[in-house]
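In what follows, chains are A, B, ... by sequence order, proteins preceding strands, each numbered from 1.
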Number of protein chains: 2
Amino acid sequence: MKSPTHCADTGSDYDVLQWDTREDCEVRQILDRIADKWSLLVIALLDRGSLRFTELRREIDGVSQRMLTVTLRQLERDGLVERTVHAVVPPRVDYALTPLGRTLHETVRSLVAWTESHQREIAAARATYDARTG
Amino acid sequence: MKSPTHCADTGSDYDVLQWDTREDCEVRQILDRIADKWSLLVIALLDRGSLRFTELRREIDGVSQRMLTVTLRQLERDGLVERTVHAVVPPRVDYALTPLGRTLHETVRSLVAWTESHQREIAAARATYDARTG
DNA sequence: CGGTATCCGTTCTGATACTG
DNA sequence: CAGTATCAGAACGGATACCG
């Protein structure tokens, strides 16, 4: 049996604590998707309401058309984002969080909030480290 | 002025809500580091206590020596992980979360918890998507 | 044991061009 | 507007060899 699972049955002590670090574990794969550079930002932005492709692109500085498309497709595939195509000219496509996606938002929000509130400490730590190591 | 900042002063409506999507933003850089594939797992494991290099490597299935070293160095640089070298033969190096690292753990934990509790829904969404798109 | 240094394939990503 | 297709360069990541 090689298919990805939650694999909470490896016998390791740590699995008791619900963590799973196994490579073929589905949780780890999903984690990688969500904790993605662009995914995080897209989820963050969409929580305030649906946005069009171009609006997302404008808000997320530095994202290429290609990567935004790829990211949105992945999030759509995972059931986190809903894509709505309006049959008008010019085309209009709206992206919004699904109910499942909204349940994720709070967690994502807290991760970003942590980063915002601790960025000074991290910057200081980096400066110290860099000075120490040359 | 091109140095990374929190950049909460761009004038965009979204900045009012504290989100920052600008490429040169320090928050985004830190976010990328933390939301890293291996970093997440290391932080998770270390919350239960300090571990040696080899112990971490054994716990995290699939991580190469190189990537574990790189990850640990980054976390150390960011002040999230503390590295303790014991002057013994054979060498012994312990890794532990710093107080700052521990403040992050709860957030990381909730992210993994979300993934664990919603993996079935995501798997189902993927199956639906894949079936629909062929 | 706990690394560092190097090589090298793969994957990611952005730029560009084109389309309904 | 909202993509798709293609391509080349950069970054990532693993395998291997070697060291204090």
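- The 5' end of DNA chain C is approached more closely, in terms of each residue's nearest nucleotide, by R92(B) than by the other of R92(B) and D36(A).
- The residues D94(A) and R92(A) are annotated as salt-bridged, a charged nitrogen and a carboxylate oxygen being separated by less than 4.0 angstrom.
- Taking for each of E23(A) and T54(A) the nucleotide of DNA chain D with the nearest heavy atom, the 5'-most of the two is the partner of T54(A).
- Here dC1(D) presents its P atom at 8 Å from CZ of R58(A), a figure rounded to the nearest Å.
- How far CH2 of W114(B) is from OG1 of T107(A): 8.0 Å, rounded to the nearest 0.5 Å.
- The interatomic distance linking W38(A) (CH2) with dC12(C) (P) rounds to 15 Å, in whole Å.
- In this structure, the CZ atom of R57(B) is 11 Å from the P atom of dG2(C), given to the nearest Å.
- Here the P atom of nucleotide dT4(C) and the CD atom of Q65(B) are 9 Å apart, to the nearest Å.
- Going from atom CD1 of I60(B) over to atom P of dG14(D) covers 12 Å, rounded to whole Å.
- Atom CZ in R73(A) sits about 11 Å away from atom P in dA5(D), given to the nearest Å.
- Cluster annotation: L68(A) is connected to V85(A) through the hydrophobic network of ILVMFWY side chains, with a link wherever side-chain heavy atoms come within less than 4.5 Å.
- For Y95(A), a side-chain nitrogen or oxygen approaches OP1 or OP2 of dG3(D) to under 4.0 Å.
- Per the geometry, CE belonging to M67(B) stands 13 Å off P belonging to dA15(D), to the nearest Å.
- Listed candidates were dG20(C), dG20(D), dG3(D). Nearest to the side chain of V93(A) is dG3(D).
- By the rule that hydrophobic residues join a cluster once side-chain heavy atoms approach within less than 4.5 Å of another member, Y129(B) and L46(A) end up as members of separate clusters.
- Distance R66(B) CZ to dC7(C) P: 13 Å, rounded to the nearest Å.
- Side-chain atoms of R52(A) lie closest to dC1(D) of the nucleotides dG3(D), dC1(D), dG3(C).
- Within 4.0 Å of P90(A), counting heavy atoms only, lie sugar-phosphate atoms of the nucleic acid but no base atom.
- Closest to the S64(B) side chain, of the nucleotides dG3(D), dG2(C), dG14(D), is dG14(D).
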Note to self: The test is side chain to side chain contact (heavy atoms under 4.5 Å, CB included); show your working for T98(A) and V81(A) and say whether it passes.
What the structure shows: CA-CA 5 Å; T98(A) 62; V81(A) 160; 5.6 Å; no
